[in-house]
Structures are given as C-alpha cells and as structure tokens.
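Below is one structure, written out as structure tokens; comments come after it.
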Amino acid sequence: MRVKLSRARLRSEFCARVSELSGQDLNLCYQCGKCSAGCPMSFAMDLLPNQVMRLVQLGLAEDIAGCRTIWLCASCLACTVRCPKGVDIARVMEALRLLSLRKNIDFVSPSQMGQEAIAELPQIALVSGFRKFTG
Ligand code: SF4
Ligand code: SF4
C-alpha cells in the first residue's frame, strides 16, 4: 500500500481518538514486530497487530474499519506483555472495535445467522459473541 504522508495525517483526529479511548501513546510504537510474533491469532488475521498500529499512526481509519484483525483479537494480552515500549495493544484493538460499533459497523449480524448455528452453539458463546461483535 502506498501512503502519502502529511503533517495532517500524522496528527489525525482518528489517531487522537484511538489514543484517548485506549489510554495509549500510539507514537511509542517503532514497529519492532514483537506483538505480531507472539500473537496466537495472527494466522487468521488479514493485518498483523504491528500493521494495525502503523495504520492507526497514519490515521488510515477506513483501512482499519474493513479489516478482520480487530475482531479476531482475543484480548489475550500476549502482545501487550511483549511490547518493549509498554504499549497495551489489546486496549488499542478494543478501542478500534468500539469506534466501529459506534458507527453501527457490526462484525456479526444475528439476523443473518442460520438457525442451525444458533441451535448448536452454547448460549454463553452466543451472548459473549454478540457482546463483542455487535453494537
Ligand atoms: S491481545 Fe489480540 S493482538 Fe494481542 S496477542 Fe492477543 S490476540 Fe493478538
Ligand atoms: S511490540 Fe510494541 S513497539 Fe513493537 S510493533 Fe508492537 S506495538 Fe509497536
């Protein structure tokens, strides 16, 4: 992906919002990749955690809104304990999910789930899934 850098992009409102919601200084990330190397969900992600961090720094909100990574993040904190800069990446992922849900962008639509899946899945899994994936 080719990105045109500008001062405005590097100080975007989106980046400030994510920083405010997550309580993290996003500028600390220097792309060492340790978060991605230790992430147990990276095999299924379309963007690695360090790539998500870079997109946030660049203010590329649209690219993040369409990615699966923020939803697949299991909040396991493996990235957070590995980060040499002390960035709580799990909280950044949570902030990104919140921003999507506030725009009515759900990852799962209950009305489009098949009756068979609803009948087979444990109720606790459905409830916790809907809490995470729907607004
Ligand atoms: S908290 Fe999310 S991004 Fe971090 S290691 Fe776990 S699954 Fe990966
Ligand atoms: S471990 Fe921390 S500094 Fe390294 S890429 Fe991930 S968020 Fe950035």
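Remember, predicted model here, so these are calculated numbers, not experimental data. The analysis underlying the following values was restricted to heavy atoms, covering all of them including side chains, and did not include hydrogens, waters or symmetry mates. Note that the numbering runs from 1 along the sequence shown for the chain. Each ligand, and each atom within it, is numbered from 1 in the order the structure gives.
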- [ ] Taking both backbone and side-chain atoms into account, decide whether C29 has an N/O/S atom under 2.8 Å from atom 6 (Fe) of ligand 2.
- [x]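 Within the cut-off used here (under 2.8 Å), C29 places no N, O or S atom near atom 6 (Fe) of ligand 2.
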Open item on the list: Between E94 and R97, is the salt bridge (Lys or Arg N to Asp or Glu O under 4.0 Å) condition met? List the steps.
Closed with: CA-CA 5 Å; E94 172 70 11; R97 284 195 295 272; 2.6 Å; yes
Task: Per-residue contact class, L28 against ligand 2 - non-hydrogen pairs under 4.0 Å - done: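 Neither; nothing of L28 gets under 4.0 Å from ligand 2.
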- [ ] Could you tell me whether P49 approaches ligand 2 through its side chain, its backbone, both or neither, with non-hydrogen atoms closer than 4.0 Å?
- [x]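 It is neither; nothing of P49 touches ligand 2.
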TODO: Report, in ascending order of atom number, the atoms of ligand 1 lying under 4.0 Å from any heavy atom of A90.
DONE: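 Taking each heavy atom of A90 in turn, ligand 1 has 1 (S) under 4.0 Å.
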- [ ] Check each atom of ligand 1 against the heavy atoms of A74 and keep those under 4.0 Å away; list them by number with element.
- [x]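 That gives atoms 2 (Fe), 7 (S) of ligand 1.
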Open item on the list: Would a single hydrophobic cluster contain both L99 and F107, if residues Ile, Leu, Val, Met, Phe, Trp and Tyr are joined by side-chain heavy-atom contacts under 4.5 Å?
Closed with: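 Linked, F107 and L99 end up in one cluster.
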Open item on the list: Would the distance check show the side chain of R68 and the main-chain N or O of D46 forming a donor-acceptor pair, the cut-off being under 3.5 Å?
Closed with: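 Not confirmed, R68 side chain does not pair with D46 backbone.
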Open item on the list: For C79, is there any backbone N or O sitting under 3.5 Å from a side-chain donor or acceptor partner on K34?
Closed with: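 Flag not set: sc K34 to bb C79 has no pair under 3.5 Å.
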TODO: Report yes or no: does a heavy atom of S75 sit under 4.0 Å from some atom of ligand 1?
DONE: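 Yes, S75 has heavy atoms under 4.0 Å from ligand 1.
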- [ ] Assess S36 for proximity to ligand 1: is some non-hydrogen atom of it under 4.0 Å away?
- [x]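 S36 does not count as a contact of ligand 1 under the 4.0 Å cut-off.
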Task: Side chain, backbone, both or neither: L77 near ligand 1, heavy atoms under 4.0 Å - done: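 Within the 4.0 Å criterion, L77 contacts ligand 1 through backbone atoms alone.
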